[in-house]
Protein chains: 4
Amino acid sequence: MTINKQHDILSVALKLFAERGYDGTTIPMIAKKAKVGTGTLYHYFKSKESLVNFLFQSCIEKFSEVMQKDFPYSTTDVPEQFRHVFFQMVKFTKIDIHALLFIDSHVNQYYLNEQSNKVFNDFLNVLRELLDKGIVQGVIVNLPSDALIAIVYGAFVRLYKIIEAGELEESEEIINGVEECCWNAIRI
Amino acid sequence: MTINKQHDILSVALKLFAERGYDGTTIPMIAKKAKVGTGTLYHYFKSKESLVNFLFQSCIEKFSEVMQKDFPYSTTDVPEQFRHVFFQMVKFTKIDIHALLFIDSHVNQYYLNEQSNKVFNDFLNVLRELLDKGIVQGVIVNLPSDALIAIVYGAFVRLYKIIEAGELEESEEIINGVEECCWNAIRI
Amino acid sequence: MTINKQHDILSVALKLFAERGYDGTTIPMIAKKAKVGTGTLYHYFKSKESLVNFLFQSCIEKFSEVMQKDFPYSTTDVPEQFRHVFFQMVKFTKIDIHALLFIDSHVNQYYLNEQSNKVFNDFLNVLRELLDKGIVQGVIVNLPSDALIAIVYGAFVRLYKIIEAGELEESEEIINGVEECCWNAIRI
Amino acid sequence: MTINKQHDILSVALKLFAERGYDGTTIPMIAKKAKVGTGTLYHYFKSKESLVNFLFQSCIEKFSEVMQKDFPYSTTDVPEQFRHVFFQMVKFTKIDIHALLFIDSHVNQYYLNEQSNKVFNDFLNVLRELLDKGIVQGVIVNLPSDALIAIVYGAFVRLYKIIEAGELEESEEIINGVEECCWNAIRI
DNA sequence: CATGAATGAGACTTCATTCAT
DNA sequence: AATGAATGAAGTCTCATTCAT
């Protein structure tokens with residue numbers, strides 16, 4: 001038996017939601033894989049919706065934390081800061097790729113509540129600020145920061161989707177290459 | 001009455017699948033929006049699964065057609081060819097953004113059959129060839145072509161996701177800028 | 001094309017009802033096997049129920065006709081009359097075994113109307129009279145005629161069920177033997 | 001509340017299947033009569049088909065058990081053994097007439113699986129052996145044992161069908177009379 | 001806390017029947 | 001007369017949720 005059933009439920013649910021989507025994942029599926037009774041699930045979460053929202057918010061939170069860990073506030077060198085953020089994203093993904101894919105496929109869905117949407121938007125703001133600073137400094141192309149995020153984040157997520165699907169094997173070389181690509185995409 | 005009920009069903013289903021996912025979309029939902037009886041749907045498609053597979057394959061087919069339309073075979077200039085493909089993708093998306101988002105969110109899902117997966121893979125091969133040619137010519141960075149596709153396609157799709165979500169307004173300026181970004185990402 | 005669609009519908013329906021029962025047989029099944037459109041069926045019969053009732057009544061009628069054909073009214077010899085009826089039943093079954101099995105499995109069912117039930121009861125009365133006469137004459141055992149009919153008719157139908165199922169091959173020898181058995185069962 | 005919902009479901013389903021046939025009986029019908037939710041039915045049985053197969057096999061099993069209970073193995077007197085089997089069938093029918101009628105109307109139907117067919121065939125073999133022994137001893141008429149079973153079993157079932165339909169009142173006298181008829185039918 | 005039997009709303013699907021052609 | 005597309009009621013089955021143990 002595991003010490004923490006809640007933890008088991010969360011990690012199983014995250015994986016299943018990431019793989020099959022919210023509606024394609026059933027409570028019995030989660031319960032069975034987490035080796036708990038279906039009723040147990042309802043001791044920890046009021047409903048399926050509250051579970052998905054809890055997961056979403058805590059994933060964003062962890063993602064945000066990792067991304068800001070050891071952030072080089074001291075410097076004003078945007079390329080260095082971009083580099084830092086990128087490799088922290090890599091680090092986060094290595095810890096829990098399902099969290100990345102879960103976030104990606106659940107953003108803006110009809111079952112997310114206001115709080116989830118707010119948390120996600122706050123998270124985006126951190127990135128927006130970084131990029132806007134680069135635009136002002138003239139080191140990043142002058143496009144709406146949301147578009148720039150879409151480019152970098154879109155590329156990043158899709159890369160890990162094909163890695164997770166087994167269509168590409170992860171290697172330091174490739175990751176470094178992709179980082180360069182992403183920076184080249186948006187730098188002036 | 002509409003001339004073609006099958007067409008109505010397909011276009012409604014495409015939109016709903018793109019917005020809510022396969023499992024989040026119900027047959028009654030589709031039927032109601034398409035203004036047909038639920039039974040009618042089953043005159044045209046054997047099952048919900050056969051509907052989603054039909055849609056998937058025909059979307060890929062259309063996408064593939066548009067992308068290869070007027071392709072500059074005469075030249076060997078990869079940048080020009082890349083540019084062509086990119087703007088054909090833009091054209092396709094303008095015709096039917098739901099098709100783009102539908103494809104993106106349904107690739108590799110458990111309800112797709114072998115034929116759907118094959119059709120999608122064939123489609124990717126066209127892109128792979130183009131990029132591999134560029135790598136050989138030394139004008140595109142030497143990374144696995146799947147990674148390069150992920151970068152460009154991932155960026156592209158995510159851009160249109162936020163446009164569709166109303167978080168960014170489409171403009172020729174932005175699209176041109178993004179095209180430049182994408183090319184800069186992968187060129188040497 | 002067949003001359004008579006109604007005939008095709010009836011013969012297909014009879015066979016299917018006999019094999020799969022009323023509820024296990026669908027209108028599309030019948031239409032397809034009879035090579036007509038489903039709508040065509042409704043030109044000949046008001047509803048599925050009216051079709052099954054029509055079939056039931058016409059089967060009983062034919063059965064009754066055959067059984068009374070060349071009936072030896074001149075004699076009062078019950079054994080001879082019994083023999084006649086038995087072999088007329090054999091003759092009827094040889095013409096259309098499905099009719100026999102259809103009648104057997106549809107008697108007394110909830111979808112039969114009053115008229116069908118009446119027709120069947122009238123048919124039984126003919127048999128009852130014959131057996132009652134034999135009882136009065138002291139050549140048939142003194143049991144309720146319905147019980148005697150159940151014995152003979154039950155034996156007869158079940159015999160042809162296993163013949164139809166391919167578990168027994170019909171032969172004159174066996175039929176003669178069974179006739180003897182049936183007579184021995186009820187004679188004094 | 002009842003102690004055993006599964007038992008309630010089974011007994012209600014047996015009765016309804018016997019009366020209306022498999023396709024004429026719906027899951028909501030069964031659930032309502034058994035006073036359970038429709039979903040409950042699916043906790044006990046995977047599908048309607050698995051329910052009917054389970055019922056079929058357990059009915060045959062019970063029937064077989066009752067028929068072989070206290071079988072006079074010590075004697076080689078076939079008439080006595082026949083008599084025993086017949087009255088054990090009567091006993092079984094008195095316990096659960098629906099089981100008898102259910103078996104009769106569901107044999108060989110398209111929804112029965114291989115196991116069900118096998119169980120039924122094994123059951124028939126017991127009867128075949130008994131009759132074959134009688135034929136060898138020269139006390140039973142020389143006809144294929146399947147034909148003899150058809151005669152006796154067909155007569156027996158049909159008798160109880162009309163009793164169940166209220167067209168004949170059961171009495172010891174009649175049952176004894178019918179037993180004599182059945183024996184007379186097949187003895188030499 | 002933990003469970004899983006129980007439930008009924010609602011999912012997918014079928015089918016008797018109608019009707020425009 | 002003949003058709004089959006169209007329909008919605010009703011069938012089988014699933015699933016989020018509750019609750020007695």
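By convention in this document, chain letters (A, B, ...) are assigned in the order of the sequence lines, proteins followed by strands, and residues within each chain are numbered from 1.
Distance C/D8 CG to F/dA2 P: 11 Å, rounded to the nearest Å. Note: NZ (B/K32) to P (F/dT7) measures 15 Å, nearest angstrom. The nearest whole Å value for the distance from the CD atom in B/Q6 to the P atom in F/dT7 is 14 Å. If you measure from atom NE2 of B/H7 to atom P of F/dA5, you get 19 Å, rounded to the nearest angstrom. Taking atom CG of residue A/N4 and atom P of nucleotide E/dC1, one finds them 10 Å apart after rounding to whole Å. Taking atom CG of residue A/L41 and atom C1' of nucleotide F/dC15, one finds them 13 Å apart after rounding to whole Å.
Between C/H98 and C/F102, the gap from one ring centroid to the other reaches at least 6.0 Å.
A salt bridge links C/D104 with C/K161: the closest approach of a Lys/Arg side-chain nitrogen to an acidic carboxylate oxygen falls below 4.0 angstrom.
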Practice problem: Report the C-alpha separation of B/Y22 and B/K48 in whole Å, then their side-chain angles, then the decisive distance to 0.1 Å, and conclude whether the side-chain contact (heavy atoms from CB on, under 4.5 Å) test is met. | Solution: CA-CA 9 Å; B/Y22 175 74; B/K48 193 184 175 187; 3.7 Å; yes

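Out of F/dC15, E/dT13, E/dA9, the shortest distance to the side chain of B/I27 is found at E/dT13.
Contacts of residues 42-52 of chain A with DNA chain E (heavy atom under 4.0 Å): A/H43, A/Y44. A heavy-atom distance below 4.0 Å to DNA chain E is reached by none of the residues of residues 11-23 of chain B.
Comparing D/V36 and C/T26 by the nucleotide of DNA chain E that holds the closest heavy atom to each, the one mapping nearer the 5' end is D/V36. Nearer to the 5' terminus of DNA chain E, by closest-nucleotide assignment, is the contact made by A/K35 (compared with the other of D/K35 and A/K35). Mapping A/M29 and D/P28 onto DNA chain F via the closest heavy atom, the residue that lands nearer the 5' end is D/P28.
With sequence neighbours left out, C/Q115 forms a side chain to side chain contact (heavy atoms under 4.5 Å, CB included) with C/Q57, C/N113, C/K118, C/V119. The side chain to side chain contact (heavy atoms under 4.5 Å, CB included) check on D/F120 picks up D/F56, D/I60, D/I103, D/V107, D/F123, D/L124, with sequence neighbours excluded.
A donor-acceptor pair under 3.5 Å is absent between the side-chain atoms of B/K5 and the main chain of B/Y44, judged by distance alone. In this structure, the side chain of D/N121 does not engage the main chain of D/N117 through any donor-acceptor pair within 3.5 Å. Remark: side-chain polar atoms of A/N53 are not paired, donor with acceptor, to backbone N or O of A/E114 under 3.5 angstrom. Using modelled atom types, no side-chain atom of D/S116 and backbone atom of D/L112 make a donor-acceptor pair closer than 3.5 Å.
Remark: B/K5 is in phosphate contact with F/dT7, judged by side-chain N or O atoms under 4.0 Å from OP1 or OP2. Within the 4.0 Å cut-off from OP1 or OP2 of F/dT7, at least one side-chain nitrogen or oxygen of B/T40 is found.
Stem list for DNA chain E (at least 3 consecutive Watson-Crick or G-U pairs, distances under 3.5 Å): E:2-21 with F:2-21.
Residue contacts for B/T38: at a heavy-atom cut-off of 4.0 Å it reaches a base atom on one of the strands shown.
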Quick one: side chains of residues 28-40 of chain C, donor-acceptor pairs under 3.5 Å with protein atoms, not counting sequence neighbours, listed by atom name and distance.
from	atom 1	to	atom 2	distance (Å)
C/T40	OG1	C/G37	O	3.4

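At a threshold of 4.5 Å between non-hydrogen side-chain atoms, the residues B/D96 and B/L14 count as touching. With contacts defined as side-chain heavy-atom distances shorter than 4.5 Å, the pair C/F63/C/L100 qualifies.
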